[in-house]
Structure formats: structure tokens, C-alpha cells
J.: 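Structure below; questions to follow.
Numbered from 1 within each chain, the chains take letters A, B, ... in sequence-line order. Heavy-atom basis, side chains included; hydrogens, waters and symmetry copies ignored. None of these values were measured; they are calculated from a predicted model.
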Protein chains: 2
Amino acid sequence: MHRVDEYFKKLKSKGFKLTPQRVRILKAIGLAEGHLDVWEIYQSVNREYPPIGLATVYRTLDLLKKLGVVNGLGFGEGHQHYEISPEHHHHLVCLKCGSIEEFDEQVVAKLEAVDKLEKELSGKLGFKIIDHQLEFYGYCSKCRKIQTDPKDFKEQGGL
Amino acid sequence: MHRVDEYFKKLKSKGFKLTPQRVRILKAIGLAEGHLDVWEIYQSVNREYPPIGLATVYRTLDLLKKLGVVNGLGFGEGHQHYEISPEHHHHLVCLKCGSIEEFDEQVVAKLEAVDKLEKELSGKLGFKIIDHQLEFYGYCSKCRKIQTDPKDFKEQGGL
DNA sequence: TTAAATGCAAAGCATTTGCACAATA
DNA sequence: TATTGTGCAAATGCTTTGCATTTAA
């Protein structure tokens, strides 16, 4: 059974109604390749289920977030991207161009340490930890070459 | 010499002008206890330097971010909070009430593993890493007690 | 002196909200 | 049938931008 289907049960068990909109929004997020933002989710659902309002998308995401079913990720763009709550997620965020690369954990040593820490913290701090996110900030290969000075700043759209 | 002062030098050396606004914005962030958001920074600077515009705060933060001097942290509130770029920063973000607690790293085992990983990644991925952020998501002690169901949802302002 | 920076006000988006109507359980 | 959920459109709120003016170097 796919994780998304389990979440349908969770909604029902909590007394929320299982509407076509909610089902489709959750599926859209779950089936997407990357992390969709609100507008993309709206578009995606609209393709097969036209009469949906943007407000419904926002309200549903709000609900799903609070149920711990999806996570909203902010990358400093001014709006959020959503994903089905995963084990964890790691990103490389470029401070200049804002690009976001996901990196495969297997590229390097595992992050067992973080998982272990998560468990320890959960016990000690009275904070029930559901998920974590590790992000690295820096400059992507492209941006490492760019100079940052007042003159270029304007031309490059602020780098 | 305080790190903030070094950043003044960095600005100058890159050819940017050292205006009173920029100095005060940077100081406000550097001296603050927590992580200020744009409005708080604006208020803070206004107290001693009235003729400053909100737009200037935004533009300055943009510049400082791109220079790697400050970091914008998004906690899913719809707007960012700023801090002088630190070694690293770890938070506990409550998925229900949105509260953010910073946790003292010393509470538990150190996160050497993350620092080590940072170095390894820097070499392998062609991505120059400047900083990282580790966030844990879950429910704070207060919110663990609250029920999430349709009836309460409205009354509690969506929990 | 001159490019860069600022303030103000207008414009642009993203998100939230009120309310009448529709739909689930 | 009783709530809960939805769509629409208006309202908010945060952020960006254009332009005339000021200012650091």
C-alpha cells in the first residue's frame, strides 16, 4: 500500500472528509518528480479536475501540513514547495542564483548521526520529532565564477 | 574585532558603499537576541535612524545575503528571519503552532558528523559550501496535547 | 563629480478570508 | 440532514520596482 493511501485513511480516521480535491492534491504531490509549489499543484489538479479553487489548495495544504502528511519547504524564494513527508531530505541551496539541488545521500557517508541525534532529541526535549531537514548553503559551480561587485550586480539582476 | 565589523570591510572591499543604513541594518541583526524578520529590522533601525525605508531594508538584506554575510531562514511562516551567517544553526520547528526553538548543540552529542560531511561534499560536488542548517520538525510540548480534528480545527485557528 | 544608494509610492504576487452554495458521511 | 468543504472574489500582507533625489567616495 502506497504511503499516500495510508494518508487517506489518516484523514478519515480523524474525521475529515475525503473529498476528490483532497485526494487529487495529495496524489499530485506524491506522484510529482520534484517538489511542487502551490501554483504547480493547482495546475496539476486542474488538468484532470477543473473545478478546483486556489484557496482550496492552500487550505488543503494547511491541513495536510498540520497532520504531518506533507512538509512545506521554503528555499528563500518567497513561497513554499511541498512534498509527502519523507524520512528526511537534503539540499544544496545556492545563495546566489537560488538553485536547489537535491543530493543523493549515498554520494557520501551516511547521515546516521543525524538520525541518531533525532532519536536522542525526541526523548530529551519534550519535542516530538517527525522529520528533519538538512540544507547546505553555498555557491553552485556556475555561480562560483561570477564576480560580486556593484557594477555587475545590476546587470546580472542582482547576481 | 567583531564579525559584524569584518563584514563592513567586506562591503567596502567589494566596492559597495558603506551607508549608515547598511551599517545599522547589519548591526541590528548582529546584536539581536533572536532572529529578526524584515519588519523587526526596520523597526529596530528606525528607532535610532528614522529616515529609512522598508525597501532599503529589503534591498540591503538581499545584498547581504548574496555576499554570504547574512542568512535568510524560512520557517514556513511566509516570510524570512535573518541572522549573521553563523557556523551553523539548528532549530526545532513545530508543525502545528509554528514555534521555533533553537536548541543548544551541547544538549546532546555534537554534530561533528555534519561538519565532516560538509567538508567532504564541498570537495566532491563542485558546490562551495558556506554554511548549513539542520532543522527538526515535529510537535512542541504544548501542541502534543492538542487534538487535531475538524471541530477543533476551526476554533483553534487551524491548530 | 559620478555611480551607487535611498525614500516614497505604486505595482506585483502569494496567501487568507467571508460568504453562499455544494457535498460527504 | 448536519457539518464540513468548496469556489469565487475581495481583502491582506509581504516583497519588488520605477523614478526623482541624495550621498559616499
J.: Can a donor-acceptor pair be found, under 3.5 Å and without considering hydrogens, that links the side chain of B/Lys10 to the backbone of B/Leu67?
T.: yes
J.: Does B/Tyr58 make a side-chain N or O approach to OP1 or OP2 of D/dT16 shorter than 4.0 Å?
T.: no
J.: List the atom of B/His81, the atom of B/His35, and the distance in Å for their closest heavy-atom pair.
T.: ND1-O, 2.7 Å
J.: Could you state the CD-P distance from A/Gln80 to D/dC14, rounded to the nearest angstrom?
T.: 15 Å
J.: Which of these nucleotides, C/dA25, C/dA4, C/dG18, is closest to any side-chain atom of B/Lys17?
T.: C/dA4
J.: Taking the side chain of A/Ala55 as its heavy atoms from C-beta onward, which of C/dT6, C/dT15, D/dA9 lies nearest to it?
T.: D/dA9
J.: Between D/dT23 atom C1' and B/Ile52 atom CD1, what is the distance in whole Å?
T.: 15 Å
J.: Between C/dA25 and A/Lys12, counting only base atoms on the nucleotide and side-chain atoms on the residue, is there a donor-acceptor pair under 3.5 Å?
T.: no
J.: May I have the step-by-step check of side chain to side chain contact (heavy atoms under 4.5 Å, CB included) for B/Arg22 and B/Phe8, ending in yes or no?
T.: CA-CA 9 Å; B/Arg22 285 176 176 171; B/Phe8 294 151; over 6 Å; no
J.: Counting only pairs under 3.5 Å, give me each side-chain donor-acceptor contact of residues 41-54 of chain A, with atom names and distances, residues two or more places apart or in other chains.
T.:
unit_1	atom_1	unit_2	atom_2	d
A/Tyr42	OH	A/Asn46	ND2	3.4
A/Glu48	OE2	A/Arg24	NH1	2.6

J.: Calculate the interatomic distance between B/Asp62 atom CG and D/dT15 atom P; express it in whole Å.
T.: 11 Å
J.: Using a 4.0 Å cut-off on heavy atoms, which residues in residues 19-27 of chain B reach DNA chain C? List them by number, or say none.
T.: B/Thr19, B/Gln21, B/Arg22
J.: Using the 3.5 Å cut-off, write out each protein N or O paired with an N or O of nucleotides 20-22 of chain D and the distance between them.
T.:
none

J.: Within this structure, what is the CG-to-P distance between B/Leu54 and D/dT17, rounded to whole angstrom?
T.: 15 Å
J.: Taking CG from A/Leu61 and C1' from C/dT16, how many angstroms apart are they, rounded to a whole number?
T.: 13 Å
J.: Heavy atoms, side chains only, cut-off 4.5 Å: are A/Tyr7 and A/Ile84 in contact?
T.: yes
J.: Rounded to whole Å, please give me the gap between CD in A/Gln43 and P in C/dA14.
T.: 12 Å
J.: How long is the straight-line distance from CG of B/Leu61 back to NZ of B/Lys65, given to the nearest 0.5 Å?
T.: 7.5 Å
J.: Check B/Leu26, B/Leu11, B/Ile29 against B/Val69 for a side chain to side chain contact (heavy atoms under 4.5 Å, CB included) and give me the one that passes.
T.: B/Leu26
J.: If you take all heavy atoms of B/Val57 and B/Ile25, which pair is closest and at what distance?
T.: CA-CD1, 3.9 Å
J.: Send over the distance from B/Tyr42 OH to C/dT6 C1', rounded to a whole Å.
T.: 13 Å
J.: Pick the nucleotide of DNA chain D nearest each of B/Trp39 and B/Leu18; which residue has the one closer to the 5' end?
T.: B/Trp39
J.: Pairs in or reaching into residues 35-44 of chain A: which pass salt bridge (charged side-chain N to carboxylate O under 4.0 Å, His left out), with residues at least two apart or in two chains?
T.: none
J.: If I take atom CG in residue B/Leu63 and atom C1' in nucleotide C/dA4, what distance separates them, rounded to the nearest angstrom?
T.: 11 Å
